[in-house]
Amino acid sequence: MAETPQPSAALPAPPKSMDEIMSLCKRRGFVFQASEIYGGINGFWDYGPLGAQLKKNLRDAWWDDVVMMPCWGRKGPTGDAVRTVPLDSCIIQNPKVWVASGHVAGFNDPMVDDKETKQRFRADHLQGLFGLLQQDTHGLARLVPTGGYIDGRTPVATVVASSQHEAFDLLSGDRKLQKAAGYSNLRYSSQSQMNETGGVHVFFEFRGQDAEGYVYGVDPEVMRNSPEQVPSPFTGKPGGLTAPRQFNLMFKTYIGATATEDDIAYLRPETAQGIFIHFKNVVDTTRVRIPFGIAQTGKAFRNEVTPRNFTFRSREFEQMEIEFFCHESEAMAWYAFWRDWRMEWWRSIGLGGGNLILREHERDELAHYSKATSDIEYRFPFTAPGYGELEGIAYRGCYDLQQHQEHSRVRLDYFDTERGEIGPNGQPKGERYLPHVIEPSAGLDRGVLALLCEAFTPDPARPSGVVMKFHPRVAPIKAAVFPLVNKDGMPEVADRLAADLSKRFARRGFIESDAKQSIGKRYARMDEAGCPFCFTVDGDSLTAHTVTVRDRDTLSQERIAIDKVCDYVGERLGEG
RNA sequence: GCGGGCGUAGCUCAGUGGUAGAGCAUCACGUUGCCAACGUGAGGGUCGAGGGUUCAAGUCCCUUCGCCCGCUCCA
């Protein structure tokens, strides 16, 4: 037979193709398009048998290392072991939760942002100051288009106001704005009504020093198509505004069968808020003391404008979030601790190498409540040479607890008996405070996608052409057992070995046994599925009680005793 | 949201108006002696969906859904 092929390590790594990765995901049952037989549904993906197990393994690894043995037993910056407790909160909560968190505000109308001042306002509240057209022989009628806006005209100045009247007041009271727009001394001239297009349109005309004009709503088409020409109401600079954007990113649903507007609820856009709203319950019931974390995994939903890049931006996705509560004075130390450990953790499950980076946010990138944020980013084939976010570690101050405290009117502060001045009895008097929060928030589906992309390794020297080099800890198939040929008692020995392996490892992943077709074909199938170890029962197995073990990554084979096989696998799965 | 491309078997694709195809994969039987061997046989398609033009549509037209790429966006 052919010689053992050598891995083509000497050759430079061929570029990874997202198409090929997606094709393999479909072919081997890692990821399917949701509702595929009905034509699919944009932004939703399902996991096939291997993908479901891969995802579970990643989630379990996170749970083990975050909840059961936090940070691998490492001590935190305060010298104590890291403590976390788990939580599992509902996808649907009282809508007030999302009002408090800021997710509901202004989400039902197209919104415009000022890029410089970061102020956001409703697009239909942008009122413009327009000069009259030079040759306006047809009068104002020609300015009246459809929809109540002045079609296609660019204002020389803008203000945010809910009515033309208010807009005129603002404009006429702001000499600086007038001057910037080339006018001065604006005053009310007349109010005309038009009904050329069936509707009544009211113009607030004005007269300035040298010109006339009118105040009217800014055409959304203009804001959308040429935002670079629209002056900002805050800075007066043209181009300072974004185009109007729909921000209804939360999925709506109705509670109860009546489905009226009063019954509206939302699918959670993040799991984090479920943790914040139970902060007090957890403190009161579990004897945790600050510093400690609450961890949760679960589905979240966002009505993304543009789902794209395979599972990277999906409308339904799973998060793995920790909210770590600590005293403000120690928050930055904990922030650095979590940031660095999370980075180590992703490396430990196989995302080492140059594709993983830690990126500290610039100051102007930070949310207003955040004092520091960093992203752990992976270089996906579709982001290369750039990176895509896997996990964000944010120092959120006490913003979230404060918001919920205000909106719910329930005190969420914490009485820390280990702080405060030492009293006459030698005991600290205690300190009452709102804890500060470090939030390591990871995307499980993005993690799975990164594992798939990282594992995907084209190798022309192999019969399969590709090998999935999953870390054994996350590999969906942990081991495979093959009889070299299907006779001479080999299948029976193989069956017994597979049964032993299953007994010990089947809770962590599949144990495959396969007696069909040539041995090479079976190895090739396991390469594509990313099975790290293949044990082959041959003639010597019957007499010497040994099998060969083939290493997926090196293709090397060694012979080990049958009764050592389970320990061999156990060691490599990280059981020590 | 805008522009471009694509959609035929599980996968990769051919098929420019006239009987739905290939390779690989899958299954069965035989063979088998460490890297997708071989032989024989089998199953698998309303050509993404809907409508239209035509004697006749996978092929031409319209609509729609999905995916990919670029811009935009990512609270």
Side-chain angles (χ1 to χ4, degrees), chain A residues 1-7 17-29 32-45 48 98 101-108 110-111 113 118 120 220-221 223-225 227 242-250 269-270 302-315 317 367-368 381-382 388-389 392 443 459 461-467 482-488 490 514-528 534-542 547-552 555-559:
Chain A
M1 284 303 282
E3 291 174 22
T4 300
Q6 296 302 310
S17 143
M18 206 55 216
D19 284 347
E20 285 176 31
I21 292 171
M22 289 170 67
S23 168
L24 182 138
C25 283
K26 169 78 191 293
R27 187 168 72 247
R28 295 310 307 253
F32 301 134
Q33 195 181 14
S35 304
E36 190 191 88
I37 63 171
Y38 289 102
I41 176 167
N42 195 357
F44 297 87
W45 299 90
W98 311 113
S101 68
H103 287 87
V104 167
F107 271 34
N108 292 322
M111 304 293 283
D113 291 327
K118 305 280 183 199
R120 171 170 294 164
E221 285 293 323
M223 295 165 72
R224 195 155 42 240
N225 296 331
T242 64
R245 295 171 297 183
Q246 207 74 37
F247 278 97
N248 50 348
L249 291 189
M250 277 199 295
E270 61 174 36
R302 294 182 198 182
N303 233 331
E304 297 289 356
V305 178
T306 312
R308 202 165 274 198
N309 289 329
F310 201 29
T311 60
F312 184 77
R313 178 168 294 132
S314 302
R315 291 185 164 133
F317 57 98
H368 66 88
F382 49 80
E389 182 186 348
D459 186 349
R462 295 183 190 236
S464 57
V466 61
V467 54
F482 305 141
L484 184 59
V485 289
N486 218 359
K487 60 181 186 185
D488 298 340
M490 294 181 205
D514 191 352
K516 299 281 176 65
Q517 301 174 308
S518 73
I519 191 73
K521 212 172 233 187
R522 286 176 270 169
Y523 286 150
R525 272 197 288 262
M526 287 302 110
D527 280 348
E528 268 199 336
C534 294
F535 298 97
T536 299
V537 174
D538 57 18
D540 291 347
S541 305
L542 308 168
V547 292
T548 61
V549 52
R550 168 195 186 263
D551 183 276
R552 177 197 64 202
L555 295 178
S556 66
Q557 291 193 25
E558 63 179 305
R559 184 163 282 280

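So you know, we letter chains A, B, ... as the sequences are listed, proteins then strands, and number each from 1.
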Carboxylate-amine/guanidinium contact A/Asp527 A/Arg550, below 4.0 Å: yes
Expressed as a whole number of angstroms, how long is the span from [X]:[atom1] to [N]:[atom2]?
X        : N     : atom1 : atom2 : value
A/Phe44  : B/C67 : CZ    : P     : 10 Å
A/Phe382 : B/C69 : CZ    : P     : 8 Å
A/Asn42  : B/U64 : CG    : C1'   : 13 Å
A/Met250 : B/A75 : CE    : C1'   : 9 Å
A/Lys26  : B/A9  : NZ    : P     : 9 Å
A/Tyr523 : B/A37 : OH    : P     : 13 Å
A/Lys487 : B/C34 : NZ    : P     : 12 Å
A/Gln517 : B/A28 : CD    : P     : 9 Å

Tell me which nucleotide among B/A36, B/C68, B/C34 gets nearest to the side chain of A/Lys521. B/A36
Counting heavy atoms from C-beta on, name the nucleotide in B/C69, B/A75, B/G33 closest to the side chain of A/Arg302. B/A75
Using purine N1 to pyrimidine N3 plus N6-O4 or O6-N4 for Watson-Crick, or N1-O2 and O6-N3 for G-U wobble, each under 3.5 Å, what pairs with [N]?
N     : answer
B/G43 : none
B/A14 : none
B/C71 : B/G1
B/A49 : B/U63
B/A56 : none
B/A25 : none
B/U32 : none

[N], OP1 or OP2 - any side-chain N/O from [X] closer than 4.0 Å?
X        : N     : result
A/Asn486 : B/G30 : no
A/Arg525 : B/U26 : yes
A/Lys516 : B/A28 : yes

N/O donor-acceptor pair, side chain A/Ser23 with base B/C11, under 3.5 angstrom: no
Looking only at N and O atoms, is any donor in the side chain of A/Arg308 or the base of B/G70 less than 3.5 Å from an acceptor on the other one? yes
Euclidean distance for [atom1], [N] against [M] (whole angstrom):
N     : M     : atom1 : result
B/C24 : B/A9  : C1'   : 12 Å
B/U63 : B/C55 : P     : 24 Å
B/G23 : B/G17 : C1'   : 27 Å
B/C69 : B/U12 : P     : 15 Å
B/G58 : B/U40 : P     : 33 Å
B/A75 : B/C67 : C1'   : 27 Å
B/G48 : B/G43 : P     : 24 Å
B/C6  : B/U59 : P     : 14 Å

Under 4.0 Å, counting only non-hydrogen atoms across every strand here, what does [X] touch: a base, just sugar-phosphate, or nothing?
X        : answer
A/Gln33  : sugar-phosphate
A/Asp527 : nothing
A/Phe310 : sugar-phosphate
A/Glu270 : nothing
A/Arg550 : base
A/Gly465 : nothing
A/Gly43  : sugar-phosphate
A/Ile519 : sugar-phosphate
A/Met490 : base

If you look at every heavy atom in [X] and [Y], which pair is closest and at what distance?
X        : Y        : result
A/Arg552 : A/Val467 : CG-CG2, 3.6 Å
A/Ala515 : A/Arg522 : CA-NH1, 3.6 Å
A/Met18  : A/Phe382 : SD-CD2, 3.6 Å
A/Phe44  : A/Arg315 : CZ-CB, 3.6 Å

How long is the straight-line distance from CZ of A/Arg302 back to CZ of A/Phe317, given to the nearest 0.5 Å? 4.0 Å
To the nearest 0.5 Å, what is the distance between OG1 on A/Thr548 and CG on A/Asp540? 9.5 Å
A side-chain contact here means heavy atoms from C-beta on lying under 4.5 Å apart; do A/Tyr523 and A/Thr536 qualify? yes
Heavy-atom nearest nucleotide on RNA chain B taken for A/Met18 and for A/Val485; more 5' hit belongs to A/Val485
